Structure formats: C-alpha cells, structure tokens
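Structure first, then comments.
In what follows, chains carry the letters A, B, and so on, assigned in the order in which the sequence lines appear, proteins first and then strands, with residues in each chain numbered from 1. All figures in this text were calculated on a predicted structure; none of them were measured in a lab.
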Amino acid sequence: MSDTTGSGPMLAADGRPLKESLGRALRRQKLRALALIAPLLFFVLLTFVIPIVSMLIRSVDNEIVENTLPGAVPALAAWDSATQDLPSEDVYQNMFFDLFNASEARRHTRLGSRLNYETTGLASLFRTSGRNMDSIGEVFQDAIEDVDPRFEDGAFWYAMMNGTGGDAMLEMRRARWENLMDQDMSADIGFMPSQAIIEILPTTAAAYTDWAIWTVIDDEDVVSEEDPWESVYAALAIDLRNPATGPALTAYQGPGADALQALAAADLPELTFTEAFLDLDEDWGDKEVWETIVVYSPNYTAGYFLNAVDAQLTSEGVSMRPDNQQLYIQLFIRTLQMSLIITGSCILLGYPIAWLLANLPMRTANVLMILVLLPFWTSLLVRTSAWKVLLQQQGVINEILVWLGFVDDANRLILMNNSTGTIIAMTHILLPFMILPLYSVMKTIPPTYLRAAKSLGATNWTAFWRVYFPQSVPGIGAGSILVFILAIGYYITPEIVGGTDGVFISNRIAYHISSSLNWGLAAALGTILLVLVMALYWCYDRIVGIDNVKLGG
Amino acid sequence: MLRHKREPILADTKQNDSFVEFERVQKSYDGETLVVKDLNLSMPKGEFLTMLGPSGSGKTTCLMMLAGFETATHGDIRLDGKSINDIPPHKRGIGMVFQNYALFPHMTIAENLAFPLEVRKMGKSEREEKVKRALDMVEMGAFGNRRPAQLSGGQQQRVALARALVFEPELVLMDEPLGALDKQLREKMQFEITDLAHNLGITTVYVTHDQTEALTMSDRVAVFDDGRIQQLAPPDELYEQPQNSFVAQFIGENNTLSGKVTKIDNAKNTCVVQLDSGEEIDAVPVNVNQVGERTTVSIRPERVETNKERLSEDAHTLKAEVLEFIYMGDIFRTRLRVAGSTEFVMKTRNAPDQPRLRPGEQIEIGWLPEDCRALDA
Amino acid sequence: MKFTKPILTTMALSLSATTSLADGHMASDMTLVSWGGAYQSSQINAYADPYVAMNPGVTITWDESSAEAVAKLRAMNEAGSITWDVVDVVAADALRLCDEGLAMEIDADEILAPAPDGTSASDDFGDLLVGDCFIPQIVYSTTFGYRTDMVPAGVEAPNDICDVFDLETYPGMRALEQRPINNVEWALLCDGVAKEDVYDVLATEEGQEQALAKLDTIRDSVIWWSAGADTPQLLADGEVFMGSTYNGRLFAAIEEQGQPIGMMWDAQVFDLDGWIIPEGLSDERLARAKDFIYFATDTQRLADQAKYISYGPARLSSAPLVGQHATLGIEMAQHMPTDPANAANTFLYNYEFWADYRDDIDAKFQAWLAQ
C-alpha cells in the first residue's frame with residue numbers, strides 16, 4: 001500500500017495506524033471463530049480429508065516391489081526383454097538375496113499376492129520359492145563347512161566380519177530393512193562391518209550385515225552368539241568366484257584370514273543362481289514373470305487405474321483387457337444409468353407427495369410426513385430384507401398379482417435379483433431425500449402465484465407448468481443431487497436384491513476391500529467414482545447453477 | 001347536509017345497470033359458521049368500490065369468490081348479468097392485483113406481462129406491443145428485462161398493476177395492493193391507481209383495511225364486519241353519517257358516550273339523550289326509534305365546540321375538565337373528562353382566537369345537534 | 001489371586017492391576033472372532049464355556065466378524081493395533097492371512113495337543129494342516145439341497161451333481177454361490193472333464209471358458225447367493241428347486257426346522273474351518289491365545305462340537321467320539337460330510353490353486369456374470 005505519501009496513514013484514537021488497530025481487532029475475532037470451528041475442522045480432517053488422501057495415495061502406491069526386491073529391481077534395469085531371453089545371472093543372484101531376506105521377514109508372500117493381481121501364478125511362485133531359498137544356500141553352506149568346520153561357529157564369523165569403518169554399509173542395509181518392514185530398525189546391534197572385509201568380500205559383508213541387523217532387532221539375539229543364515233555362505237561363495245578375491249585375500253591379515261585363504265583355494269559348488277531358480281520352479285524361466293516385475297517395479301504405478309478401466313499395463317504398454325475380462329467400465333455405466341433411473345423415479349414419486357405435504361392442512365401433513373420419515377427410523381438392512389419378502393417370486397406382490405389373476409402362476413414376475421429389484425428398493429429407500437428438499441422448497445412458494453396465474457387466464461395445467469413447476473426446480477435439483485450421489489455409492493441394497501445385473505460399482509469395491517484384498521484397485525475404483533461425482537457436480541453447477549439448489553426456505 | 005336514512009345491508013337499488021352483483025351470497029368453510037352472511041351488493045360499470053373492514057370481516061373472502069378462487073356456499077354472483085358461479089377463474093377475465101404482487105420470480109418483467117397474453121394465444125408482435133404499452137402506462141418501460149427481485153416495492157407494485165391490466169379486463173380486483181409500501185409511496189400510488197382506473201374506465205373492487213386509503217380512493221366504500229356489509233356509501237357520507245356505531249368507530253376518530261333516549265322530535269329529526277352520568281345532550285336519531293331505548297352517541301372530535309356563540313341558544317352543553325393538551329401544529333388535540341369518560345377528544349384548528357387550554361382547566365363544550373348521532377347501543 | 005493382592009498393594013501404584021500376573025503371565029481378556037449363528041453357538045458350547053469353567057477369571061468376548069476377518073486384520077495391522085486374539089476363518093482365508101504376514105506361523109506339534117493315544121498333532125490332523133498358520137477345527141462341505149416336493153412326478157430325486165445342470169429333467173431355479181470357486185469345478189465335471197484333470201484344465205484359458213460356457217447353459221435359472229443363510233431361505237420359500245450351501249445349514253433346515261429339503265452329497269466340496277492367531281500379539285495375550293487353542297483343539301473338544309452342529313472334527317482321533325446331537329438326540333455320524341455313505345464322491349478345496357487363480361478367474365467370472 002502506498003497511499004501514505006501525502007497525509008500519512010489514518011491514525012486510531014490511541015495513535016496507532018488505523019489499519020493496524022483494525023487488523024488486531026479482526027485477528028482476535030478470527031482466532032475466536034477458528035477456535036469455535038476447530039473441533040469440527042479437526043474432525044473433518046481426521047475422518048474425511050485424511051482417508052481420501054490416503055485412498056488417492058493407495059491407488060498409485062507400488063513401493064512394495066522395490067522395497068521387497070531392492071537388489072533385483074535395479075539389476076533388472078539392464079535386462080532388455082525384447083532382445084534377451086532371460087535376465088542375467090546377476091539378476092537371479094540379487095533375487096536370491098532379496099527373496100531370502102523377505103522370506104525371513106515373511107514379506108515375500110505379500111509381494112506374491114500383489115504381483116498375482118497382474119500375473120496369475122506369482123502368489124504360489126513366491127510362496128514356495130521363498131520357502132526354498134535356504135535350500136539353495138545350504139548347498140554352499142555344506143561345502144564351505146566341509147572345507148573348514150570353523151565356519152559353523154557364529155563367534156568365528158563375528159570375529160571375522162566385525163571391525164570398523166563399515167558405517168556406510170550398515171546404514172544402507174538398515175535402510176533396506178526399514179523399507180521392507182516399514183518400521184524403525186535403528187537400534188544399536190553391537191556389530192560393525194569391517195571395512196577391510198567389505199573391500200575384499202562385499203557380498204558376504206552385505207549378507208552378514210543383513211542377518212546381523214535382523215538377528216538383533218527382530219530375533220533379539222546377540223550377533224556373536226548366533227550362526228549366520230545360509231545366504232551368508234552363498235554370498236561368500238559368490239565373492240570367492242570373483243577372480244580378484246583370491247589375490248586380495250593373500251594380502252589380508254585380519255581375523256580368519258587363513259580360513260578364507262584356504263577356502264579360496266578349495267573347490268566350491270559351481271551352482272549358478274539361474275540354475276538354482278529354474279530348478280526350484282520352471283516359472284522362473286518364464287519371461288512373463290520377469291516382465292511383470294519390471295513393469296510393476298516403479299514406486300508409483302498407473303496399473304490400478306488401468307485395471308479399473310478394463311485396461312492393463314504390460315511390457316508392451318497399455319492395452320485393453322480381453323473382452324471376457326472387461327467389467328468395470330460396464331459397471332460404471334450401469335451404476336450411472338441406474339442412479340439416473342432411481343433419481344428419475346424418486347422425482348416422479350416424490351413430487352406429488354411433496355406437493356401434498358406442502359399444501360395439506362398442518363395436521364394431515366404431519367401424519368403424511370411421519371409416513372415419509374418412517375423409513376428413516378428403520379434399519380436399512382431390515383428395510384431391504386422386507387423388500388426381499390415382497391419382491392421374490394413366491395413373495396407378497398407376486399402372490400397378490402396371481403390371486404388377482406393379472407399374472408399366471410407359472411410366469412410369476414421376476415422382481416428381484418435383477419436391476420428391477422435394485423431400482424424398486426433403492427427408490428423407496430432414497431425417496432425421503434427427494435421429498436424433504438422438495439417439500440421445503442414448495443413450502444416457500446406462496447399459493448398466490450397459482451392464483452395469480454389463473455386470474456391471468458392460465459388453466460390449472462398451464463399455471464402449474466409455467467408458474468409453479470419452475471419455482472420448484474431448485475427443490476428437484478437439491479433432491480436429485482442428494483439422491484443421485486447417494487445412489488451412485490450405494491452398496492447394501494444392490495448387494496441384497498440386485499442379483500447380478502443390479503449390482504453397482506461399489507459392490508466391486510467392497511469385494512476388493514474385503515475379499516480379494518486388492519486395496520489398490522479398490523482405491524482406484526473409489527477415486528474414479530469420486531472424480532465422476534465431482535465432475536457431474538461441476539456439470540450440474542455449470543448447467544443449473546448450484547446457487548439454484550435449495551435445501552430449505 | 002342531511003341525507004335520508006338508508007338500509008344498512010341492501011345498499012344499492014340501481015339493479016338495471018349493475019355490472020357486478022352479489023345476491024344473497026353466503027360462504028362457510030367449516031359448515032358451522034358463516035364467514036360471509038347474506039351478502040348483497042351491486043356496482044355499476046366504471047365504479048371504484050372499496051371493501052373495507054377489519055381482518056376476518058369477510059371482505060377478502062368476497063373478493064376471492066368474485067375472482068373464482070372460492071365458491072359461494074349459497075347465492076349468486078353475476079358479472080355483466082351472467083352468473084359466474086360455475087365459471088373457473090381463468091375464464092372469468094378478471095384482472096387481479098395481489099397483496100404481495102405475486103410477480104412470477106422466474107420470469108422477467110416483460111415475460112410476466114406477456115404471460116396473460118400468451119395463454120390467450122396472442123401473436124408475438126401484438127403481445128410485445130401490448131406489453132410495451134402497459135409498461136409505458138405505469139412508467140416502467142425501461143425495466144422489461146429485469147427480474148421482479150431487482151425492483152423496488154413501488155416498482156413491483158406498478159408492474160403488478162400493469163400485468164392485471166395488460167389483457168384489458170373490464171373488472172380489476174385489488175387485494176390490499178399497497179400494504180407492503182411505506183407511507184409516502186403508498187399515498188403516491190393511491191393517486192396513481194385511482195387515476196389509472198378512472199382514465200381507463202375500468203371497474204375496480206379494492207380491498208383494504210386502511211380507512212384513509214378507502215376514503216381517498218373510492219367512489220363508494222363497503223364497510224365489512226362480521227360477514228356483513230355494515231354500510232355502503234360514498235366516503236363523505238360514510239364519515240359524516242355513519243349508520244351504526246361500528247362504522248362510526250371504524251371510520252375516523254370518534255367520541256362515544258352512552259345513554260338513553262328521553263325525547264324524540266321527528267319533525268326536526270332530533271332527539272335528546274340522557275347520558276349515564278345524568279346530563280342531557282342533543283343528537284340526530286339514526287338507529288333509535290322510541291323513547292327509553294339505550295343508545296351510543298357519536299361525535300367527531302373536530303365537531304366539538306367550546307365557543308358557545310356558535311351553538312344555538314337552547315343547546316345542551318356539558319362540563320369538561322382538560323386532562324391533556326397536545327400541540328400538533330395545524331391542530332390542537334385536547335383530551336377531556338366528559339360525563340365520566342376520560343377518553344373524550346376534541347380537535348381544534350390552530351387559529352389565533354383559539355385558546356390554548358391547560359390541564360385541570362374547567363370548560364364547557366357543546367355541538368350542533370346534527371353532528372351528534374344517536375346510534376345503536 | 002490370593003497372593004497377588006498383597007503383592008499389588010506393596011508394589012508401586014503405577015503397575016497396572018491386571019490379573020495376568022496371577023495366571024502365569026496370561027492376559028485375562030480374550031477376543032474370539034467367529035461367524036455368529038449356530039456355528040458360533042457350537043463353539044461356545046464345546047470350547048468357550050468349558051474353558052472359562054476351567055479358568056475362572058478369564059473373560060471371552062465374541063466378535064462375529066469372520067466374514068470380513070481378512071480385511072479387518074489387515075486394517076488393524078496397518079493401524080498397528082490388533083484387538084483380536086484368536087480368529088476363526090476358512091482355510092483359504094487363513095492361507096491369505098498367512099501370505100500377507102497377518103497370521104502367526106505355527107508349529108502344530110509344539111502348540112497343539114497330541115491325540116490321546118500319543119499320535120502327534122501333525123499326524124492326527126494330517127493333510128488338513130493347510131499352509132503355515134492354519135489350525136484346523138472342522139471339515140464342512142459345500143453341497144446341494146433340493147426341495148423334495150418340487151421333484152417332477154415320475155422322476156428320481158436328484159442325486160448326481162450333473163442333475164444341477166439338467167434343466168430338462170429338473171426344471172426350476174438353482175441357487176449358486178456368487179463366486180467361481182466350486183461352481184467351475186462342478187461345471188467341468190459335468191462337461192466331461194475327469195475329476196483328476198479338473199484343476200489342470202482350469203489352469204488354462206480354454207478350460208476357464210469351457211467352465212463358464214457350461215454355467216451359461218443354466219445361467220437364466222440361477223439365483224446367485226453370497227451369504228450362507230441365503231440358500232436355506234430360498235429353499236424354504238420355494239424360490240429355488242435346488243441350491244448349494246454349507247452342509248450344516250442344510251442339516252439345520254432339514255432336521256431342526258423340518259423343511260421338505262433333501263441332501264445331495266454328490267461331488268460335495270470339502271473345506272476346512274479353523275483358527276489362526278493374528279501376528280503381533282503381546283506376549284501375555286499370545287500365551288492366553290495359545291492356551292485356549294491347545295484346549296479347544298484337543299480330541300475330545302473337537303468331537304464335542306459335533307454335538308451341536310453337523311460338521312466333522314478335523315482330527316482323525318475325534319471321529320470315533322462323535323455322538324448324538326445335544327438336543328435332537330440324532331446320531332450325528334451319518335450327517336457328517338465325512339461319513340462314508342456321504343463321501344462316495346468328494347472334492348477337496350484346492351487351496352494352492354485358488355490362491356493363485358482366484359483373482360484371475362474371479363475377474364472373468366464377474367465379467368461373465370455382468371454380460
């Protein structure tokens with residue numbers, strides 16, 4: 001603000017600039033107002049904003065792959081699925097250590113379940129393979145212990161591996177565990193990898209550090225008193241295969257130097273990890289398995305969203321699913337269609353009732369109002385189940401129709417376990433949400449408008465259609481928005497009376513939440529539904545104008 | 001100025017040229033009580049008639065029956081000689097202005113005005129022409145594209161008037177149309193409405209509970225109470241010669257004293273009334289027929305005299321004590337204790353010869369016998 | 001309790017006054033999760049009441065959430081607060097929970113009682129120890145019931161699984177579960193696939209299509225159910241002629257309610273229900289949970305449950321101990337799915353197969369349903 005050049009700022013009675021005084025006074029007011037709404041704000045944040053944000057995150061979150069396979073995922077970057085048949089030995093080797101650690105932490109099956117959503121069979125592949133990782137390690141362990149039995153001793157290992165200068169390695173391995181376990185693992189473990197060993201035997205040092213961290217923090221044991229995992233022996237064998245290791249060991253003077261030098265000279269198994277994996281399960285030789293891992297290795301994926309619109313993410317890019325697996329777009333369209341039909345029937349049924357309510361004498365209107373509100377006072381489940389009794393083929397409605405002779409006993413109407421059932425039951429359940437806003441808007445339309453129209457020469461119909469109806473549109477708008485948005489997310493009623501062609505997208509969301517546990521897909525479907533509702537709301541605002549929506553006088 | 005005594009109920013005898021006619025009309029909503037009791041009314045073409053009365057007196061019901069929104073329980077309503085009892089409102093061709101104007105909020109002013117023409121299937125160009133003319137008539141020509149909510153109360157009032165007139169009805173009904181306006185605007189509109197009605201020569205039935213409005217605007221006023229017309233007369237007659245104590249009380253300010261008739265002089269059309277306090281006064285017998293009957297006498301405050309010279313020699317006078325003297329600019333308003341009543345008001349013109357009374361002062365008051373009317377008890 | 005009180009009074013007030021100290025460091029409150037209804041009642045009668053009688057001071061709270069147990073346990077795990085101690089789930093869910101790391105791995109011989117004759121628990125339960133976390137309790141089967149009064153005149157009552165697909169001989173509505181599991185196996189069996197080849201065929205695209213095509217032939221006559229109580233109700237109302245459900249539900253409808261319903265045991269699919277212990281319990285609660293499990297899965301207790309519901313005990317050693325129904329007085333053995341007369345042609349739910357193929361085949365199945 002630069003309007004002070006001439007006369008200077010306006011001053012309040014106490015000599016302060018007026019603006020400042022006003023600001024101070026307003027700030028107090030604002031703070032007080034904020035304090036008043038704080039509980040609500042907090043509540044909304046906690047119960048609304050945070051869950052929605054977490055849903056949005058979950059619909060793209062895919063960290064599990066890299067967190068579980070921190071070695072194999074970077075190694076796979078070098079693999080070109082178009083030209084190469086299978087990934088290199090390096091990838092299988094990394095996969096061994098990743099799976100070994102993951103199966104010790106019982107995280108390999110979780111990854112298997114995640115990847116099984118994309119490629120069938122990966123759940124059991126990871127489950128059975130994870131269980132067998134130690135058998136691969138045992139091959140090397142037995143050979144090494146045959147060369148020198150001292151390698152059976154945990155204390156011997158500890159003396160050899162422990163030292164100074166390995167902080168970087170320790171922290172890196174800790175970080176991997178923390179990513180995998182999603183928990184704090186920073187406690188002191190009483191072990192520090194020796195820098196000398198790291199330089200000569202990097203793989204062994206890493207595997208041993210992994211084991212040490214787990215042993216102390218999860219098993220709550222002491223490093224020097226426990227025998228290392230089979231993976232450490234496998235790592236040692238890998239290090240010894242490196243032609244540079246032998247010469248480096250001859251110069252090594254640290255603890256266990258003689259044992260290591262002897263080991264370098266000995267014959268160790270030639271088993272490659274590629275062989276070991278293929279031996280375990282031939283699916284590890286299936287390109288599709290590796291392609292799936294590559295495609296779903298980024299920390300964030302569009303895969304769930306693609307699934308939610310009947311598409312899929314493969315190594316060739318995005319493509320639509322085969323016809324016999326397409327479901328969701330159809331369900332979204334059906335959900336929208338049926339919600340529209342339900343909204344329409346609510347308008348048709350609710351309008352006359354609301355009109356009666358608004359125009360009957362108070363006493364009669366109150367009785368009618370109770371009838372309208374009655375459904376609100378009954379449990380949703382009870383109401384829906386009651387519809388079941390009414391609608392089924394041997395149910396009340398069919399019995400009456402047959403008794404009256406309208407329907408042949410052999411051809412009873414199928415009123416439920418299809419979309420008819422959903423529409424009937426949901427129209428009934430959502431009707432009050434249409435009637436109440438309509439009623440409150442109609443209540444504010446004075447009867448003189450109709451009289452005025454008639455005095456001006458309009459027939460009853462013209463008076464209603466040209467004068468009364470346009471004024472009740474805001475009520476229809478409010479009721480429709482309420483009913484439509486409630487309907488689009490409905491779940492229980494379609495589940496009970498909807499059969500197969502009367503279910504909504506929310507029923508699939510519920511299925512993925514509670515049965516298939518594919519929460520990512522459920523979150524993606526939910527997000528699409530949310531966006532859809534918001535888009536429709538926006539369109540509504542553009543076309544009708546949200547200012548025209550009235551919930552009451 | 002004296003007029004002959006009228007029957008208070010059946011008001012008009014000009015049956016032959018009557019345009020609007022109520023004959024023995026009754027209305028009951030609940031089947032137990034009558035809201036309108038035996039209504040008879042006849043008005044000629046071009047007349048501006050006001051139905052005046054307190055709320056619940058039946059005046060609005062009468063209007064609604066005429067408009068067709070209520071049906072008469074009994075009796076006949078005729079328009080231009082034809083019974084309209086069975087004609088639905090939209091076929092009656094009666095223009096109507098409502099209390100809160102009832103302008104359709106979702107239409108523009110022009111659309112509001114075009115509405116009655118549209119439902120009459122009038123062509124577009126003719127419609128526009130008429131709408132423009134009607135708007136110009138009420139000086140609202142520039143507002144055709146506005147919505148009612150964007151107009152002030154007075155402007156809405158004019159639009160409502162224009163809408164009721166645009167399809168050129170011969171009869172216009174107005175239901176307290178000025179009730180929502182402030183005083184100044186109301187007075188202006190009163191003038192405009194009567195002016196318009198007279199210029200266009202339309203017959204108007206106007207309902208109000210505001211007596212000033214009724215007196216200033218109407219050719220004739222029908223005073224309603226208790227479901228009946230208490231008096232139907234031109235404004236001056238209504239004011240100066242109320243036919244009963246209700247009308248006297250309802251129209252203008254009025255002093256009443258109650259007593260008993262002691263003498264009637266039919267030749268001079270005067271009588272003597274002995275008040276309950278024992279004093280005697282002169283009065284015109286209106287609703288009294290024989291000596292000994294109880295009566296309420298009514299005297300307008302401005303007809304009370306303190307100057308004995310203006311009264312006849314033998315006139316009765318009353319002693320009065322000044323209770324309150326209010327200076328109101330053009331007039332003085334004095335509250336007196338007279339014959340036991342403390343609410344007796346006298347209004348005197350602020351003239352040089354007029355004394356300014358003080359509370360406690362004892363004076364003597366009187367009036368011309370014809371200004372004091374002996375009405376029903 | 002007797003000596004804990006003086007100890008407590010002398011100890012600092014900050015020590016929480018749990019009675020666990022008195023009971024060898026076991027929590028005194030336990031939340032069991034089950035399915036509600038008759039099944040949960042049978043567990044209360046056979047396990048919980050005797051357990052509480054033996055351990056006064058232990059309070060057992062029941063939560064009827066088994067149907068959503070997997071999702072709820074995952075949510076609890078994410079929230080970092082497990083409120084359940086022992087959870088009753090079907091074997092497939094146990095496998096899933098185990099895969100997700102939400103259920104504790106168990107060593108049967110370490111935490112379960114041996115049979116009275118000394119047979120180890122792992123031998124006594126045998127193959128029924130599915131996965132690494134599951135403690136089997138009962139064998140139930142999913143099989144068909146039919147309205148005896150709706151069998152067309154002059155036709156034998158349905159006794160072959162393929163009668164379900166025979167609309168000509170047995171016209172009328174069928175109730176099938178709204179999921180592919182069991183339905184596709186039955187469809188293949190009745191489409192000429194040999195029993196031992198069913199899963200090999202189902203593992204292929206063509207096999208899946210074949211199964212759905214077979215289901216297509218009766219599709220217009222099917223009401224799809226999702227809750228176990230649906231089929232008995234549909235049968236009782238006469239809405240369907242035949243329908244699949246759990247054998248215990250049919251037993252209740254036939255024997256307890258006297259409905260005109262017949263059992264069709266052919267190609268019944270055995271499934272298992274049992275306990276899991278959630279991962280992440282505190283030591284005290286874990287001790288209590290293990291103590292309860294040890295008791296509730298011993299030979300006698302499993303046999304006792306069969307007094308209240310017609311599900312077979314999961315231990316071999318319990319079978320001879322199965323007696324009469326507690327209130328009806330019927331011999332229960334012949335109503336068990338495992339009874340030789342009933343088990344002439346059976347299927348065992350293939351957990352490994354469905355763990356892999358469930359998502360894939362379910363997607364196809366749902367897409368087929370939605371067509």
Side-chain angles (χ1 to χ4, degrees), chain A residues 54 105-114 116-128 131 182-183 307 310 321-328 330-331 334 388-389 392-395 414 416-417 495-496 498-501 503 507-508 510-519 521-522, chain C residues 67-72 74-75 78 80 93 95-105 131-133 173 178-179 203 205 208-209 212 219-220 222-227 230 233-234 237-240 279 351-371:
Chain A
S54 108
R106 296 193 51 226
R107 285 291 190 272
H108 62 300
T109 46
R110 203 179 272 194
L111 177 63
S113 302
R114 161 68 188 97
N116 201 62
Y117 296 133
E118 315 302 341
T119 302
T120 300
L122 288 185
S124 61
L125 181 65
F126 274 81
R127 188 183 318 113
T128 50
R131 208 179 288 152
D182 198 19
Q183 70 184 49
N307 277 358
D310 292 333
R321 282 182 183 274
D323 281 346
N324 68 350
Q325 290 176 33
Q326 293 195 3
L327 175 63
Y328 298 112
Q330 191 187 345
L331 268 183
R334 182 200 291 165
K388 231 169 132 168
V389 175
Q392 59 186 7
Q393 285 199 280
Q394 311 294 325
I414 302 172
M416 64 173 265
N417 292 317
E495 182 74 25
I496 296 179
T500 54
D501 64 350
V503 293
N507 296 86
R508 285 318 284 171
Y511 168 80
H512 286 302
I513 290 281
S514 64
S515 280
S516 82
L517 286 197
N518 194 347
W519 287 9
L521 179 54
Chain C
E68 309 95 54
V70 184
K72 285 198 172 178
R74 194 200 242 193
E78 290 199 357
D93 282 346
L95 205 68
R96 203 167 264 264
L97 285 167
C98 207
D99 276 0
E100 291 276 332
L102 298 170
M104 202 181 81
E105 280 185 29
D132 298 324
C133 307
M173 299 296 285
Q178 191 168 356
R179 62 171 196 177
E205 288 273 334
Q208 294 159 10
E209 272 165 30
L212 292 179
R219 175 185 168 131
D220 292 339
V222 174
I223 292 176
W224 300 96
W225 60 267
S226 49
D230 289 346
Q233 189 62 49
L234 289 167
D237 290 347
E239 288 285 306
V240 296
E279 184 78 61
Y351 303 100
E352 292 274 330
F353 176 84
W354 281 114
D356 278 344
Y357 285 88
R358 179 174 165 152
D359 298 317
D360 182 32
I361 299 184
D362 191 77
K364 289 171 184 160
F365 180 77
Q366 295 298 340
W368 170 76
L369 274 185
Q371 271 164 27

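- Among C:L97, C:D359, C:V70, the single residue meeting the side-chain contact (heavy atoms from CB on, under 4.5 Å) criterion with A:L517 is C:V70.
- The residues A:R114 and C:D99 are annotated as not salt-bridged, no charged nitrogen and carboxylate oxygen being separated by less than 4.0 angstrom.
- Atoms CD1 and CD, from C:I223 and A:Q392 in turn, are 8.0 Å apart once rounded to the nearest 0.5 Å.
- No more than 12 heavy-atom neighbours from other residues, nucleotides or ligands sit within 6.0 angstrom of CG on A:D182.
- No other option in A:Y328, A:Y117, A:W519 has as many heavy-atom pairs under 4.5 Å with chain C as A:W519.
- Contacts between C:E209 and chain A at a heavy-atom distance below 4.5 Å involve the side chain alone, from C-beta outward.
- Between chain A and the residues C:A355, C:A363, C:A227, C:A69, the most heavy-atom pairs under 4.5 angstrom are made by C:A355.
- In this structure, C:M173 and A:Q393 have side chains that are in contact, with non-hydrogen atoms separated by less than 4.5 Å.
- A distance-only check finds a donor-acceptor pair linking the side chain of A:Q330 to the backbone of C:A370 [under 3.5 Å].
- In this structure, chain A has no heavy atom under 4.5 Å from any part of C:D93.
- For A:N116 (side chain) and C:D356 (main-chain N/O), a donor-acceptor pair under 3.5 Å exists by modelled atom type.
- Here A:R106 contributes atom CZ and C:D132 contributes atom CG; the two are 7.0 Å apart, rounded to the nearest 0.5 Å.
- Considering only heavy-atom pairs separated by less than 4.5 Å from chain A, the leading option among C:E352, C:R74, C:Q178, C:K364 is C:R74.
- In this structure, chain A has heavy atoms under 4.5 Å from both the backbone and the side chain of C:L369.
- Note that OG1 of A:T500 is 9.0 Å distant from CZ of C:F365, once rounded to the nearest 0.5 Å.
- Looking at A:R334, only its side chain comes within 4.5 Å of chain C, counting heavy atoms on both sides.
- For A:N417, the part lying near chain C is the side chain, with the backbone staying farther off; criterion is any non-hydrogen pair under 4.5 Å.
- Proximity to chain C is absent for every atom of A:R321, based on heavy atoms less than 4.5 angstrom apart.
- Here C:E239 is the residue among C:E100, C:E239, C:Q208 with the most heavy-atom pairs under 4.5 Å with chain A.
- Residues that satisfy the ring pair (Phe, Tyr, Trp, His ring centres under 6.0 Å) test with A:F126, not counting sequence neighbours, are A:W284.
- Looking at C:R96, only its side chain comes within 4.5 Å of chain A, counting heavy atoms on both sides.
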Starting from the C-alpha separation in whole Å, work towards a yes-or-no answer on side-chain contact (heavy atoms from CB on, under 4.5 Å) for C:R358 and A:S515.
CA-CA 10 Å; C:R358 179 174 165 152; A:S515 280; 3.7 Å; yes
